[in-house]
Amino acid sequence: MDSLTAMMLVVVTSVSLMVHIYTIGYMHEDPGYQRFFSYISLFTFSMLMLVMSNNFVQLFFGWEAVGLVSYLLIGFWFKRSTAIFANLKAFLINRVGDFGFLLGIGMVLAYFGGSLNYTDVFAAAPALAHKTVQIIPGVDWSLMTVTCVLLFVGAMGKSAQFPLHVWLPDSMEGPTPISALIHAATMVTAGIFMVSRMSPLYELSDTALNVVLVAGAITALFMGFLGVVQTDIKRVVAYSTLSQLGYMTVALGVSAYPVAMFHVMTHAFFKALLFLGAGSVIMGMHHDQDMRNMGGLRKYMPITRITSLLGSLALIGTPFFSGFYSKDSIIEAVQASHLPAAMLWLLCRDRWRIRYRLLLLPHVLPGIPRERTLDGKIA
């Protein structure tokens, strides 16, 4: 137990509690009510096992368990063909990432003294900083770089970084409460947590840090672009999550691990709030998720309007809201970095991209034309 674990325990248990309470009403009439509660309880347990581990074996157990339960939850409504395709897609793409993660653990077991305890691995790492291995005969590779990149492949799958990001938007086929749990505080932040936990290894390889930085910058930029053209209210919030995960990964790439975890914590709460607000709107619209059919719901859903507005203001980095401090800290950290890939920090400053059309949901600003563009003109 350390400060990193304690912070994740607060985030996971707090958001999970709110989602459990929300689910009592949201899933009340669903025939799979008991099954859903068993799944989300197991999901929370698996994530707690992951963050409380002190060795790679328990970490891998929690890692795979959250992947399994997310598969069950995304396909919860298994009579829908779209749900079956979505959970299969998530499962297969996470297998790609987990294969790299398992290879990374294998490298640790083979070269770091035969122990999988964090303390032993971190103690042995400095002596291996310049050791090379021949993955391909005749070509020397840095042991630390290979190990860290393989571990990061696992994080790319779990935290949906480019190019292993394609499963996350489709996972919206699951019930809204689990979208809040998966995308806000638990599964998608597992990769960010893991890289932060392995920071003593990543600090010994500038190449691995550059890989992390480039992957995060590409994700932060292009997932925001994709979110702008979505019409499904849950997909809009999902692409926003992808972009914010890119921010966190960029912070990891410039060694700003506390800043990355700070954004993990602030993002968990305001993104869960937005997902639950979106669920409230979906219920009010009789399960119509098309944003083009929404607007002017303020007088019908005043509480949802206020909560969604607060979540949106935090997400877009409005001063005096939590998102402002965590996102600006990431930008300042990248600006101060000396890594070659740090010039990509400009990609993380496109703070216009999801501010108005994307996450100021139509129901919180009633009367504004639905096709208003970013510059305020009517399309």
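Numbers for residues simply follow the sequence, beginning at 1.
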For this session: Mind telling me whether Tyr22 and Tyr26 have parallel, tilted or perpendicular rings, with 30° and 60° as the class edges?
Result: parallel
Exercise. By the rule that ILVMFWY residues connect when side-chain heavy atoms come within less than 4.5 angstrom, directly or transitively, which residues belong alongside Ile21?
Worked result: Leu17, Met18
Exercise. Once you round to the nearest 0.5 Å, how far does OG of Ser255 lie from CG of Leu209?
Worked result: 4.5 Å
Problem set entry | Sidechain N-carboxylate O distance under 4.0 Å for Asp232, Lys234 | no
Exercise. Would you say the side-chain atoms of Asn210 and Thr207 include a donor-acceptor pair closer than 3.5 Å?
Worked result: no
For this session: Can you measure from CG (Asp140) to NZ (Lys131) and round to the nearest 0.5 angstrom?
Result: 10.5 Å
Problem set entry | Thr266 side chain to Ser322 side chain, donor-acceptor N/O pair below 3.5 angstrom | no
Exercise. For Val195, does its backbone N or O pair with a side-chain atom of Ser199 as donor and acceptor, under 3.5 Å?
Worked result: no
For this session: For salt bridge (Lys or Arg N to Asp or Glu O under 4.0 Å), just list the numbers for Asp2 and Arg197, CA-CA rounded to whole Å, side-chain angles, deciding distance to a tenth of an Å, and then say yes or no.
Result: CA-CA 11 Å; Asp2 58 9; Arg197 176 62 80 198; 2.6 Å; yes
Exercise. Residues two or more places apart in sequence or in another chain: which of them pass side-chain hydrogen bond (donor to acceptor under 3.5 Å, both in side chains) with Ser115?
Worked result: Asp120
Problem set entry | Distance (rounded to the nearest 0.5 Å) between Gln244 CD and Tyr239 OH | 15.5 Å
Problem set entry | Taking every non-hydrogen atom, the tightest pair across Val10 and Met265 | CG1-CE, 4.1 Å
Exercise. Any donor and acceptor pair, going by atom type alone, linking the side chain of Ser41 with main-chain N or O of Ser38 inside 3.5 Å?
Worked result: no
For this session: Rounded to the nearest 0.5 Å, what's the gap from CG on Asp206 to CG on Leu213? Could you check?
Result: 11.5 Å
Exercise. Does atom CZ of Phe99 have more than 12 heavy-atom neighbours, drawn from other residues, nucleotides or ligands, at distances under 6.0 Å?
Worked result: no
For this session: Return yes if some donor-acceptor pair links the side-chain N/O of Thr145 with the main-chain N/O of Trp141 below 3.5 Å, else return no.
Result: no
Exercise. Between the main-chain N or O of His263 and the side-chain N or O of His267, is there a donor-acceptor pair closer than 3.5 Å?
Worked result: no
Exercise. What closest approach, in Å, do Tyr202 and Phe152 show between heavy atoms, and which atom pair accounts for it?
Worked result: OH-N, 3.3 Å
Exercise. How is the hydrophobic cluster of Ile303 composed, in terms of its other members, when Ile, Leu, Val, Met, Phe, Trp and Tyr link through side-chain heavy atoms under 4.5 Å apart, directly or indirectly?
Worked result: none
Seminar exercise, completed: Nearest heavy-atom approach of Ala86 to Asp170 is CB-O, 3.1 Å
Exercise. For Arg80, which residues count as a side-chain hydrogen bond (donor to acceptor under 3.5 Å, both in side chains) partner, sequence neighbours excluded?
Worked result: none
Exercise. More than 12 non-hydrogen atoms from neighbouring residues, nucleotides or ligands closer than 6.0 Å to OH on Tyr33, yes or no?
Worked result: yes
Problem set entry | Leu143 side chain near His130 side chain, heavy-atom distance below 4.5 Å | no
Which pairs would a plain distance check flag for residues 155-169, meaning a side-chain donor or acceptor within less than 3.5 Å of a matching protein atom at least two apart in sequence or in another chain?
from	atom 1	to	atom 2	distance (Å)
Lys158	NZ	Trp63	O	3.1
Ser159	OG	Val188	O	2.5
Ser159	OG	Gly191	N	3.1
Ser159	OG	Ile192	N	3.4
Gln161	OE1	Thr219	OG1	3.3
Gln161	OE1	Thr249	OG1	3.2
Gln161	NE2	Ser159	O	3.1
Trp167	NE1	Gly157	O	2.9

For residues 49-59, which side-chain N or O atoms pair as donor and acceptor with protein atoms under 3.5 Å away, sequence neighbours left out?
from	atom 1	to	atom 2	distance (Å)
Ser53	OG	Leu50	O	2.9
Ser53	OG	Tyr118	OH	3.2
Asn55	OD1	Val57	N	3.0
Asn55	OD1	Gln58	N	2.9
Gln58	NE2	Met49	O	3.2

